[in-house]
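Let me begin by presenting the structure, written as structure tokens, before commenting on it.
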Amino acid sequence: MAHKIGVIGDKYSVMPFKLFGFDVRYGMSARQIRDSIEQMADNDYGVIFITEQASEQVTETIDRYKSKMKPAIILIPSHDGTKGIGKKAVQENVEKAIGQNIL
């Protein structure tokens with residue numbers, strides 16, 4: 001069974017993901033972002049991409065899903081550029097998986 005993919009963030013950063021058939025949700029307030037994550041998680045989404053800027057508003061919500069298998073929440077840069085948060089999270093997960101620092 002294929003899982004759905006969602007994308008959350010500001011309009012200009014996430015709009016292009018519609019071209020790939022992803023469920024795109026625009027969220028600027030912490031409440032909108034949190035509600036989108038919760039709805040996607042409840043509806044069996046396998047992956048949720050969220051802009052780094054949006055993720056900073058809902059860290060507690062994202063932290064709740066870190067230990068769960070689904071959904072995988074992946075931080076992506078916005079159209080304004082990266083803050084390095086997503087790259088750091090990926091690096092930490094790889095280091096955790098292999099048991100050593102990679103840089």
Side-chain angles (χ1 to χ4, degrees):
M1 179 172 133
H3 295 285
K4 297 176 263 188
I5 299 174
V7 187
I8 303 169
D10 64 277
K11 182 178 181 178
Y12 297 107
S13 297
V14 300
M15 190 183 327
F17 288 91
K18 282 187 170 189
L19 295 171
F20 301 106
F22 297 165
D23 180 9
V24 172
R25 310 266 179 102
Y26 308 125
M28 295 305 294
S29 73
R31 182 180 177 110
Q32 290 172 321
I33 297 163
R34 188 177 309 106
D35 288 348
S36 292
I37 292 171
E38 298 293 347
Q39 289 170 2
M40 289 178 177
D42 290 344
N43 287 299
D44 204 31
Y45 280 64
V47 178
I48 300 171
F49 292 104
I50 181 170
T51 62
E52 293 172 332
Q53 287 78 357
S55 74
E56 290 180 308
Q57 297 182 60
V58 293
T59 55
E60 73 288 338
T61 302
I62 292 171
D63 287 343
R64 275 192 289 124
Y65 290 100
K66 282 185 178 177
S67 63
K68 297 184 180 184
M69 190 67 120
K70 289 187 311 185
I73 299 178
I74 311 296
L75 306 183
I76 59 173
S78 74
H79 72 285
D80 290 329
T82 185
K83 292 184 167 203
I85 302 168
K87 181 179 177 182
K88 182 179 179 215
V90 169
Q91 181 177 344
E92 288 171 355
N93 284 328
V94 169
E95 289 173 356
K96 182 177 159 186
I98 63 173
Q100 65 186 31
N101 291 341
I102 57 175
L103 292 179

*For the residue pair Tyr26 and Gln32, establish whether any side-chain heavy-atom pair is separated by less than 4.5 Å.*
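No; the side chains remain at least 4.5 Å from each other.
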_Verify same cluster id: Tyr12, Phe49 (apolar side-chain graph, 4.5 Å)_ =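 Different hydrophobic clusters.
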*Taking atom CE of Met28 as the centre, report whether more than 12 heavy atoms of other residues, nucleotides or ligands fall under 6.0 Å from it.*
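Check fails, neighbour count at 12 or below.
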*asked:* Is it true that, when you exclude Arg64 itself, more than 12 heavy atoms of the residues, nucleotides or ligands shown sit nearer than 6.0 Å to its CZ?
replied: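 Enclosed: over 12 neighbouring heavy atoms sit under 6.0 Å from CZ of Arg64.
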If you compare all heavy atoms of [X] against all heavy atoms of [Y], which two are closest, and at what distance to 0.1 Å?
X     : Y     : answer
Tyr45 : Met40 : CD1-O, 3.0 Å
Gly9  : Thr51 : CA-OG1, 3.7 Å
Pro71 : Ile48 : CG-CD1, 3.7 Å
Ala30 : Gln57 : N-OE1, 3.2 Å

*Sequence neighbours excluded, every pair satisfying salt bridge (charged side-chain N to carboxylate O under 4.0 Å, His left out) that has a member inside residues 6-23*: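 Pairs touching residues 6-23 that pass the test: Asp23-Arg25.
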_Pairing residues for Asp63 by the salt bridge (charged side-chain N to carboxylate O under 4.0 Å, His left out) criterion, not counting sequence neighbours_ =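 Partners of Asp63 by the salt bridge (charged side-chain N to carboxylate O under 4.0 Å, His left out) criterion, ordered by chain and then number, come out as Lys66.
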*Lys70 side-chain N/O to His3 backbone N/O, donor-acceptor pair under 3.5 Å*: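 Side chain of Lys70 to backbone of His3: no pair is present.
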*Nearest-0.5 Å distance that lies between atom CG in Asn43 and atom CD in Glu38*: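 Interatomic distance, Asn43 CG to Glu38 CD, rounded to 0.5 Å: 11.5 Å.
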*Roughly how far, to the nearest 0.5 Å, is the CG atom of Asp35 from the OG atom of Ser29?*
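It is 8.0 Å, given to the nearest 0.5 Å.
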*asked:* With side chain to side chain contact (heavy atoms under 4.5 Å, CB included) as the test, pick out the partner of Ile5 among Phe20, Phe17, Phe22.
replied: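 That would be Phe22; it is the only one of Phe20, Phe17, Phe22 passing the side chain to side chain contact (heavy atoms under 4.5 Å, CB included) with Ile5.
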*Quickly, which of Ile8, Val47, Ile50 forms a side chain to side chain contact (heavy atoms under 4.5 Å, CB included) with Ile73? Name it, please.*
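Running side chain to side chain contact (heavy atoms under 4.5 Å, CB included) over Ile8, Val47, Ile50 with Ile73 returns exactly one hit, Ile50.
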